Protein chains: 2
Amino acid sequence: MAAGLTERNKLRTRREMAEAAGRLFLERGYDATTVQDIADAAAVSPRTFFRYFPCKEDVVTAIASASMDDAIDHLGEYDENKTLRSVLTTMLRAVLAPVGDNSTRARGFQFMLRETPALRGRWLEERRKSRDRLADALAPWFGDDVDPMASRLLAGTVLLVLDEVMSRWADDPSLADPLGLLDEALRVLGEPLIPAGGQ
Amino acid sequence: MAAGLTERNKLRTRREMAEAAGRLFLERGYDATTVQDIADAAAVSPRTFFRYFPCKEDVVTAIASASMDDAIDHLGEYDENKTLRSVLTTMLRAVLAPVGDNSTRARGFQFMLRETPALRGRWLEERRKSRDRLADALAPWFGDDVDPMASRLLAGTVLLVLDEVMSRWADDPSLADPLGLLDEALRVLGEPLIPAGGQ
DNA sequence: GTCAACTTGGCAGCTTCTGCCATGATGACA
DNA sequence: TGTCATCATGGCAGAAGCTGCCAAGTTGAC
C-alpha cells in the first residue's frame, strides 16, 4: 500500500507534467507550447518529459482517454439480462456526464482538438484502440460464432456518436452537458442506417 | 490546353516525388525513408519537397486518398430514382475495384499504414474529411429539413466498412480483390446496428 | 529582346525525439 | 547502520521534420 517513495514521486511528476501541459495548452495553444515550456513549468528536464510521454501529443490523449478506458472496462462481463442498448447507454453516459463538471475546460480541449491537425490525428488513433476494445466487449451480445463484423461496426459507430455529440455540445454554449443530445443519436442506431428499399 | 511549360513541369515534379516516395516507403519502410532520400531520388532539394507536400505524411495520403475523393465527387447529384444503397454500393465498388489491379502494392500500403502510427493518424484525419464530404453528398436522401445526424453517422459508418473490408482483404492473401467482402458488410448496414429489444 | 513573376536551391534555425553516459536518490540486505 | 545494486534524472550530442529568407536561374508576356 505504501507503494514506495519512488513510485509515488513518479506518479506525482507525471501528474504535474500533465497538469502543466494541459494548462499551457489551453492558455496559449498546443503548437505555441514547446516541450521545453512544459518541462520548465513542471520543473523537470525535457529529457524526462519524453520518458513519461512518448510524444508531445500523448499528454493530451493520456488525459482525455482515461475516462473512456474506464468506461469500457466497467462495461463488465456479458449479462444476458442487459440489452445492448442499455449497456451502451450506461457507458456513454459515464463518459459524457463528467464533461459537464468542467465544461469550460472540456470545451477548450474540444476546440483544441479541432484546430490542431497533429493532435486530432493522434486522437483518432487513440479512438481506434478504444473501438477495438469496445468491439471485444460487445462481441458476446452478438453470439459467439457470428462474424465479428457487426460488433466492430457497432463499436465504431458508437464512437462516432460520441464524437458527434461532443462536437455539437461544444458548439452550443447553451448546453450545460452533452447528455441531452445522446438520446436522439442512440435512436438513430436503433434503426437501419440504410433505410429499407430497392436493391 | 497547352497549360504552359512551367505548369507541366510542376506536375511532373510532383508525380516524380510521389512515385519515388511510394517506392522507397514500400522498399525500406516509412520511418526508414527520410525526406532527403525522397528528394535525392526525385532529383530535387528537400526544400522543394516541402513546397509540394506540407509534411512527409501527406505524400502517402495524397496518393491514397485520390481515388476516394474521385468516388465521392462522382457520386453526383441527388436522384430520387437511385436508392441510398445503390449509390453507396457504386461508390464503394469504385474505390475497391482498382485495389485488385495492383494488389501487392495495395497490401503493402495497408500494412504500412498499420505499422506506422504517425501515418495512420494522418490517414484517419484524411478519412474524416472524406466523411464530411460524403455526409454532405448523402444528405438529400435523408430529406432537407431532417437533422444531419443520420447522414453523418451513415457516412462515418460507410467509411468504417471500407476500412474493415480493406483490412480483412489485406490479411487474406487468397483474396484477389476486396469486392467479395463488401456485400456482407453492406448487409449489416441494412439492419439496425442495435437489434430491437427492451429499453 | 527585355523585364516581371515565379520556381528552385541553399542556408540557418527551431522543435520534436532518441541514444548515451554520469550523477544522485532509493531501497534491499547484511 | 553501512554497503551496494537499481533506477530516475539531467545533460549532451545529434538526427529528422519543417520554415523563413534570400539569391539565382527559368519561364512567359509584352
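This is a predicted model, so every value here is computed, not measured.
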Query raised in the report: Counting just side-chain N and O atoms, does Thr6(B) come under 4.0 Å of either OP1 or OP2 of dT26(D)?
Result: no
Query - N/O (side chain, Thr33(B)) to phosphate O (OP1/OP2, dA16(D)) under 4.0 Å - result: no
[N] [atom2] sits how many Å from [X] [atom1], rounded?
X        : N       : atom1 : atom2 : answer
Lys56(A) : dC17(C) : NZ    : P     : 8 Å
Glu16(A) : dT9(D)  : CD    : P     : 11 Å
Tyr52(A) : dA8(D)  : OH    : C1'   : 7 Å
Ile38(A) : dC17(C) : CD1   : P     : 10 Å
Glu57(A) : dT16(C) : CD    : C1'   : 9 Å
Arg12(B) : dT7(C)  : CZ    : P     : 15 Å
Asp31(B) : dG17(D) : CG    : C1'   : 12 Å
Asp37(B) : dA16(D) : CG    : P     : 8 Å

Nearest of [options] to any side-chain atom of [X]?
X        : options                   : value
Lys10(A) : dT16(C), dA8(D), dT8(C)   : dA8(D)
Thr48(B) : dT27(D), dT9(D), dT8(C)   : dT8(C)
Phe50(B) : dG9(C), dA16(D), dC18(D)  : dC18(D)
Ser45(B) : dT26(C), dG10(C), dC18(D) : dG10(C)

Query raised in the report: More 5' along DNA chain C: Arg47(A) or Gln36(A), using each one's nearest nucleotide?
Result: Gln36(A)
Query raised in the report: Do the side-chain N and O atoms of Ser86(B) and Thr89(B) include a donor-acceptor pair separated by under 3.5 angstrom?
Result: no
**Report entry** Short side-chain donor-acceptor distance under 3.5 Å, Thr34(A) and Asp37(A)
**Finding:** yes
Requested in this report: Compare all side-chain heavy atoms of Arg127(A) with those of Arg131(A) and state whether any distance is below 4.5 angstrom.
Outcome: no
Query raised in the report: Below 4.5 Å, heavy atoms only, C-beta onward: do Leu84(A) and Phe142(A) meet side chain to side chain?
Result: yes
Query raised in the report: Start at the 5' end of DNA chain D and walk down; is the nucleotide closest to Asn9(B) or to Arg51(B) reached first?
Result: Arg51(B)
Requested in this report: Please work out if Pro54(B) contacts a base, only the sugar-phosphate, or nothing of the nucleic acid, heavy-atom cut-off 4.0 Å.
Outcome: sugar-phosphate
Requested in this report: Evaluate the ring planes of Phe25(A) and Tyr30(A), with Trp represented by its six-membered ring, and classify them as parallel (under 30°), tilted (30 to 60°) or perpendicular (over 60°).
Outcome: tilted
